[in-house]
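The structure appears right after this line, and notes come after that.
So you know, we letter chains A, B, ... as the sequences are listed, proteins then strands, and number each from 1.
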Amino acid sequence: KQEVTQIPAALSVPEGENLVLNCSFTDSAIYNLQWFRQDPGKGLTSLLLIQSSQREQTSGRLNASLDKSSGRSTLYIAASQPGDSATYLCAVRGNFNKFYFGSGTKLNVKP
Amino acid sequence: DAGVTQSPTHLIKTRGQQVTLRCSPKSGHDTVSWYQQALGQGPQFIFQYYEEEERQRGNFPDRFSGHQFPNYSSELNVNALLLGDSALYLCASRQGAREQYFGPGTRLTVT
């Protein structure tokens with residue numbers, strides 16, 4: 001069974017700092033990996049989708065990488081802002097179109 | 001485009017009762033998935049519907065059932081509610097292998 005782990009569980013940084021969030025998965029047979037943002041009590045907002053054949057995707061200040069063979073993905077956030085404070089979740093799409101989420105990293109960016 | 005919509009927003013039920021949650025997918029999307037998110041955890045995959053049939057199912061008991069209509073909208077039904085069913089229920093839609101888009105969720109409280 002696919003297991004998705006996100007480290008750290010929580011992170012607090014000062015505004016302007018660059019930071020990296022980590023996601024690891026146990027089964028490398030994935031179709032894609034997607035990063036989401038979730039504000040308290042709200043639904044998920046898609047940030048980046050990386051297909052299994054891709055190495056990275058970029059959107060604005062966000063860059064996500066994927067190393068399928070080692071079962072790892074990172075989300076890099078440049079020049080963090082207080083508005084980036086949220087929980088960040090990664091999800092992998094595995095065999096039979098099943099999706100598996102990590103428990104998330106709760107980010108707090110201090111002004 | 002209204003994106004993925006869900007109703008109701010909040011719901012309070014008593015143990016043993018039955019509940020129905022509703023989801024309308026994003027325009028152009030034909031696949032709908034349902035997730036359960038307990039407080040502080042990542043979403044857990046319940047099942048997925050495509051062409052009005054349940055295509056994949058996560059590790060949830062038969063008390064959880066669903067339906068997809070010809071217009072691609074979907075319902076999630078939960079019978080014999082337990083206290084442990086209290087959670088945020090998220091609906092997601094997609095088209096083919098493209099990224100998933102999530103709705104705002106329905107907060108279910110079982111007392």
Side-chain angles (χ1 to χ4, degrees), chain A residues 1-10 21-27 30-54 57 59 62 64 66 73 75 86-106, chain B residues 2-11 21 23-26 29-51 53-60 86-109:
Chain A
K1 181 194 171 191
Q2 179 75 269
E3 301 279 348
V4 181
T5 304
Q6 291 188 246
I7 294 174
L21 308 181
N22 296 292
C23 172
S24 61
F25 46 95
T26 55
D27 186 350
I30 65 169
Y31 286 99
N32 59 44
L33 183 145
Q34 196 168 354
W35 282 94
F36 295 90
R37 168 191 173 130
Q38 186 174 33
D39 293 292
K42 305 294 185 183
L44 279 62
T45 299
S46 178
L47 298 174
L48 290 164
L49 170 72
I50 311 176
Q51 301 293 351
S52 62
S53 58
Q54 297 175 320
Q57 283 286 332
S59 176
L62 305 179
L66 174 64
S73 176
L75 178 66
T87 295
Y88 290 80
L89 294 152
C90 71
V92 298
R93 179 182 172 188
N95 288 333
F96 308 109
N97 283 321
K98 291 190 176 182
F99 291 82
Y100 303 88
F101 277 83
S103 295
T105 294
K106 188 173 183 179
Chain B
V4 181
T5 60
Q6 292 185 244
S7 63
T9 304
H10 297 90
L11 204 52
L21 310 182
C23 171
S24 292
K26 185 177 170 64
H29 288 187
D30 58 6
T31 302
V32 174
S33 300
W34 287 92
Y35 295 82
Q36 180 194 67
Q37 186 178 26
L39 202 61
Q41 300 296 317
Q44 297 291 316
F45 175 71
I46 302 175
F47 44 52
Q48 178 183 105
Y49 277 84
Y50 172 69
E51 292 186 336
E53 289 188 13
E54 182 183 297
R55 300 290 179 169
Q56 294 297 335
R57 189 177 185 92
N59 189 25
F60 280 81
S86 296
L88 180 68
Y89 287 85
L90 295 164
C91 171
S93 71
R94 62 183 172 88
Q95 175 66 38
R98 297 178 182 174
E99 62 191 300
Q100 290 195 99
Y101 288 84
F102 280 77
T106 293
R107 173 70 63 187
L108 173 64
T109 301

Practice prompt. Identify the heavy atoms of B:L21 and B:P8 that sit nearest to each other, and give their distance.
Written response: CD2-CD, 4.3 Å

Fill in: Heavy-atom check, side chain of A:D39 versus side chain of A:R37, under 4.5 Å
yes

Item to complete: For each of A:K106, A:Q38, A:K1, tally heavy-atom pairs with chain B at distances under 4.5 Å, and name the one with the top tally.
Response: A:Q38

Fill in: Heavy-atom contact with chain B under 4.5 Å, split by part of A:Q6
neither

Item to complete: Verify, without hydrogens or angle tests, whether A:S73 (side chain) and A:L66 (backbone) share a donor-acceptor contact under 3.5 angstrom.
Response: no

Discussion item. Please determine whether side chain to side chain contact (heavy atoms under 4.5 Å, CB included) holds for the pair B:Q95 and B:D30, giving the CA-CA distance in whole Å, both sets of side-chain angles, and the decisive distance to 0.1 Å.
Written reply: CA-CA 6 Å; B:Q95 175 66 38; B:D30 58 6; 3.4 Å; yes

Discussion item. Using only atom types and a distance under 3.5 Å, with no angle test, would you say the side chain of A:Q2 pairs donor to acceptor with the backbone of A:G94?
Written reply: no

Worksheet item: Residues in salt bridge (Lys or Arg N to Asp or Glu O under 4.0 Å) with A:E3, at least two apart?
Response: none

Worksheet item: If you round to the nearest 0.5 Å, how far is CH2 of A:W35 from CG of A:L62?
Response: 10.5 Å

Worksheet item: Checking side chain to side chain contact (heavy atoms under 4.5 Å, CB included) for the pair A:Y100/A:D27: CA distance, chi angles, key distance, verdict?
Response: CA-CA 11 Å; A:Y100 303 88; A:D27 186 350; over 6 Å; no

Discussion item. Given heavy-atom pairs under 4.5 angstrom as the criterion, report whether the side chain, backbone, both or neither of B:Q48 touches chain A.
Written reply: side chain

Practice prompt. Please work out whether the ring planes of A:F101 and B:Y35 are parallel, tilted or perpendicular, with thresholds of 30° and 60°.
Written response: perpendicular

Worksheet item: Given that the side chain runs from C-beta out, which part of A:F99 has a heavy atom under 4.5 Å from chain B: side chain, backbone, both or neither?
Response: both

Item to complete: Check the surroundings of atom NZ in A:K42: do more than 12 heavy atoms from other residues, nucleotides or ligands lie under 6.0 Å from it?
Response: no

Worksheet item: Of all of B:S33, B:G40, B:C91, B:P43, which one pairs up most often with chain A through heavy atoms under 4.5 Å apart?
Response: B:P43

Discussion item. Shorter than 4.5 Å, heavy atoms on both sides: which option in B:R57, B:Q37, B:Q44, B:R94 has the most such pairs with chain A?
Written reply: B:R94

Discussion item. Strictly less than 4.5 Å between heavy atoms, which residues of residues 44-54 of chain A line up against chain B? Please order them by number.
Written reply: A:L44, A:S46, A:L49, A:Q51

Practice prompt. Identify which part of A:F36 has an atom lying under 4.5 Å from any heavy atom of chain B, answering side chain, backbone, both or neither.
Written response: side chain

Response to the item:
Residue from A:G43, A:G41, A:C90, A:G102 scoring the most non-hydrogen pairs under 4.5 Å with chain B is A:G43

Item to complete: Measure distances from B:Y50 to the heavy atoms of chain A and classify the residue's part below 4.5 Å as side chain, backbone, both or neither.
Response: neither

